[in-house]
Amino acid sequence: MAYWLVKSEPSTWSWDQQVAKGAKGEAWTGVRNFTARQNLVNMKKGDKAFFYHSNEGKEIVGIAEVIKEAYPDPTDKTGKFVCVDIKADKPLKTPVTMAAIKADKKLADMALVKYSRLSVQPVTAEEWKLVCKMGGL
């Protein structure tokens, strides 16, 4: 299993909206960056992803699961981009803020810190364990 982080502004698509979709999940559409697209292509069914509220909140609030692998993004008129389907798995007991992540030297190389604008990014197993612990899981 691989680990990822997906970002959304809560005013556009929030963790609560993701949770409300239940087991059928929702397509993660609208990604228009080629590096993020490649990360979506690399996602496999069963992989886990941190759900990060960007701009408003700036914190990891939950864990989602990939339930359908990459397919053409129906919102992309050019046909260049893909999406995956994800479902909410569980919330973090305590949201993990960007400030807390930046304050931990062990997370200095995390993609969230180094490539803060990238909307879909990989997370190492070590980073995953540490952030889950910080989030009370």
Side-chain angles (χ1 to χ4, degrees):
M1 179 191 326
Y3 300 106
W4 307 93
L5 181 142
V6 294
K7 295 169 138 189
S8 181
E9 294 180 23
S11 60
T12 302
W13 187 254
S14 72
W15 173 250
D16 289 341
Q17 287 171 292
Q18 187 67 52
V19 169
K21 287 293 181 174
K24 70 180 174 84
E26 181 71 7
W28 198 261
T29 60
V31 172
R32 299 295 183 266
N33 171 286
F34 287 100
T35 302
R37 178 189 72 171
Q38 190 57 48
N39 289 333
L40 288 171
V41 167
N42 291 338
M43 288 180 165
K44 300 295 176 219
K45 191 173 178 181
D47 283 357
K48 301 287 185 179
F50 287 131
F51 193 106
Y52 181 82
H53 278 166
S54 61
N55 291 340
E56 309 140 42
K58 293 187 181 179
E59 59 191 5
I60 297 170
V61 294
I63 295 174
E65 180 180 337
V66 177
I67 57 173
K68 184 176 179 184
E69 293 179 16
Y71 60 95
D73 184 336
T75 68
D76 174 30
K77 305 250 187 289
T78 70
K80 294 178 184 173
F81 293 95
V82 299
C83 62
V84 298
D85 289 358
I86 66 170
K87 70 173 185 173
D89 183 19
K90 61 184 151 212
L92 268 62
K93 290 180 177 144
T94 307
V96 178
T97 65
M98 174 63 108
I101 290 166
K102 284 183 174 179
D104 193 315
K105 287 182 177 48
K106 291 184 211 142
L107 296 174
D109 290 328
M110 190 171 181
L112 185 61
V113 175
K114 291 186 135 193
Y115 311 105
S116 62
R117 297 197 35 86
L118 188 61
S119 63
V120 179
Q121 48 190 248
V123 175
T124 69
E126 295 77 28
E127 292 164 349
W128 185 267
K129 286 182 209 156
L130 187 52
V131 172
C132 283
K133 186 176 178 185
M134 292 167 74
L137 300 179

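Residues take their numbers from the sequence shown, with the count starting at 1.
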Under 3.5 Å, which donor-acceptor pairs link side chains of residues 126-135 to any protein atom two or more places apart or in another chain?
from	atom 1	to	atom 2	distance (Å)
E127	OE1	T124	N	2.9
E127	OE1	T124	OG1	3.3

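- For the atom pair CD (Q18) and OG (S8), the distance works out to 9.0 Å, reported to the nearest 0.5 Å.
- Under a hydrophobic-cluster definition in which Ile, Leu, Val, Met, Phe, Trp and Tyr are linked whenever side-chain heavy atoms come within less than 4.5 Å, directly or via other members, V41 and V123 are assigned to different clusters.
- By the side-chain hydrogen bond (donor to acceptor under 3.5 Å, both in side chains) test, Y71 is found to be paired with D85, residues two or more places apart in sequence or in another chain being considered.
- Cluster annotation: I86 is connected to W15 through the hydrophobic network of ILVMFWY side chains, with a link wherever side-chain heavy atoms come within less than 4.5 Å.
- A side-chain hydrogen bond (donor to acceptor under 3.5 Å, both in side chains) check over residues 30-41, counting only residues at least two apart or in different chains, returns the pairs R32-D73, R32-T75, Q38-N42.
- Residues L40 and W4 are members of one and the same hydrophobic cluster, defined by side-chain heavy-atom contacts under 4.5 angstrom among Ile, Leu, Val, Met, Phe, Trp and Tyr.
- Applying the salt bridge (Lys or Arg N to Asp or Glu O under 4.0 Å) test to pairs two or more places apart or on separate chains, those with a residue in residues 11-29 are K21-E26.
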Let me check something: any side-chain donor-acceptor pairs from residues 55-70 under 3.5 Å, sequence neighbours excluded? List them with distances.
from	atom 1	to	atom 2	distance (Å)
N55	ND2	E9	OE2	2.6
E56	OE1	S11	N	3.4
E56	OE2	S11	OG	3.0
E65	OE1	K48	NZ	3.3
E69	OE2	K45	N	3.0

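- Contacts classified as salt bridge (Lys or Arg N to Asp or Glu O under 4.0 Å) and involving residues 102-117 (residues at least two apart or in different chains) are given here: D109-K114.
- For the pair P122 and A111, the tightest heavy-atom approach, listed with the atom from each and the gap, is O-CB, 3.8 Å.
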F50 vs L112, test: side-chain contact (heavy atoms from CB on, under 4.5 Å). Steps then yes/no. CA-CA 11 Å; F50 287 131; L112 185 61; over 6 Å; no

Audit row: M43, V6, side-chain contact (heavy atoms from CB on, under 4.5 Å) steps and yes/no: CA-CA 11 Å; M43 288 180 165; V6 294; 4.0 Å; yes

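- Grouping the Ile, Leu, Val, Met, Phe, Trp and Tyr side chains by contacts below 4.5 angstrom, directly or via other members, places V96 with L107.
- Summarising the geometry of P10 relative to S54, their closest heavy-atom pair is CD-O, 3.4 Å, with the distance given to 0.1 Å.
- Interatomic distance, F51 CZ to L92 CG, rounded to the nearest 0.5 Å: 12.5 Å.
- Through side-chain heavy atoms spaced under 4.5 Å, either directly or across other Ile, Leu, Val, Met, Phe, Trp or Tyr residues, F34 is tied to F81.
- Residues passing the side-chain contact (heavy atoms from CB on, under 4.5 Å) test with S119 are V31, A36, sequence neighbours excluded.
- Identified under the ring-ring contact (aromatic ring centres under 6.0 Å, His included) test for residues 87-107, with sequence neighbours left out: none.
- Here the CD1-CG distance, from I101 to L5, works out to 7.5 Å after rounding to the nearest 0.5 Å.
- In the hydrophobic clustering, L118 connects to Y115, either directly or through intervening members, whenever side-chain heavy atoms lie under 4.5 Å apart.
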